[in-house]
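All figures in this text were calculated on a predicted structure; none of them were measured in a lab.
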Amino acid sequence: RKASTDLQAELLDVALGALNIARDNKALVVVRAGAIIDINQRGLDLCGLPRSDLLGQNLMSALFAGPTPPSRATACWRTLLKSRSGENVKLRITMSP
């Protein structure tokens, strides 16, 4: 079981590395089962919070002040990002399958 967990962790690290390379200066938040498992520096810069405050937190309650997606099948919607300064940042969220 440990070998399987180690392999999954290694594959996740590789995938996250590839996503960070491809991000093209976009904020990237990786979520599994609703919980934040990684966020790139651009995402951290936008919300003004340290990574340690976000990892493991529920995506919707940790980062967003605006509307949540109308359904789980929604691929794109507009909402507001919470920020440390108290000002909300308008966002367009795109989810990949």
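Scanning for side-chain contact (heavy atoms from CB on, under 4.5 Å) contacts around L46 gives A27, R42, L81, with sequence neighbours left out. Residues passing the side-chain contact (heavy atoms from CB on, under 4.5 Å) test with A35, sequence neighbours excluded: none. Residues meeting the side-chain contact (heavy atoms from CB on, under 4.5 Å) test with L55, sequence neighbours left out: I36, R51. Every residue meeting the side-chain contact (heavy atoms from CB on, under 4.5 Å) condition with R92, not counting sequence neighbours, appears here in chain and number order: C76, R78, T94.
Both V29 and M60 belong to a single network of hydrophobic side chains, linked directly or stepwise wherever heavy atoms of I, L, V, M, F, W or Y lie under 4.5 Å apart. Each of L80 and L59 belongs to its own hydrophobic cluster when Ile, Leu, Val, Met, Phe, Trp and Tyr are linked at side-chain heavy-atom distances under 4.5 angstrom.
Counting all heavy atoms, side chain and backbone alike, S61 lies closest to K82 at O-NZ, 2.6 Å.
Here L44 contributes atom CG and L49 contributes atom CG; the two are 8.0 Å apart, rounded to the nearest 0.5 Å. Taking CD1 of I37 as the reference point, atom CG of L54 lies at 13.5 Å (rounded to 0.5 Å).
Each salt bridge (Lys or Arg N to Asp or Glu O under 4.0 Å) pair with one or both residues in residues 55-66, not counting sequence neighbours, would appear here, but there are none.
A donor-acceptor contact shorter than 3.5 Å is absent between the side chain of D38 and the backbone of V30.
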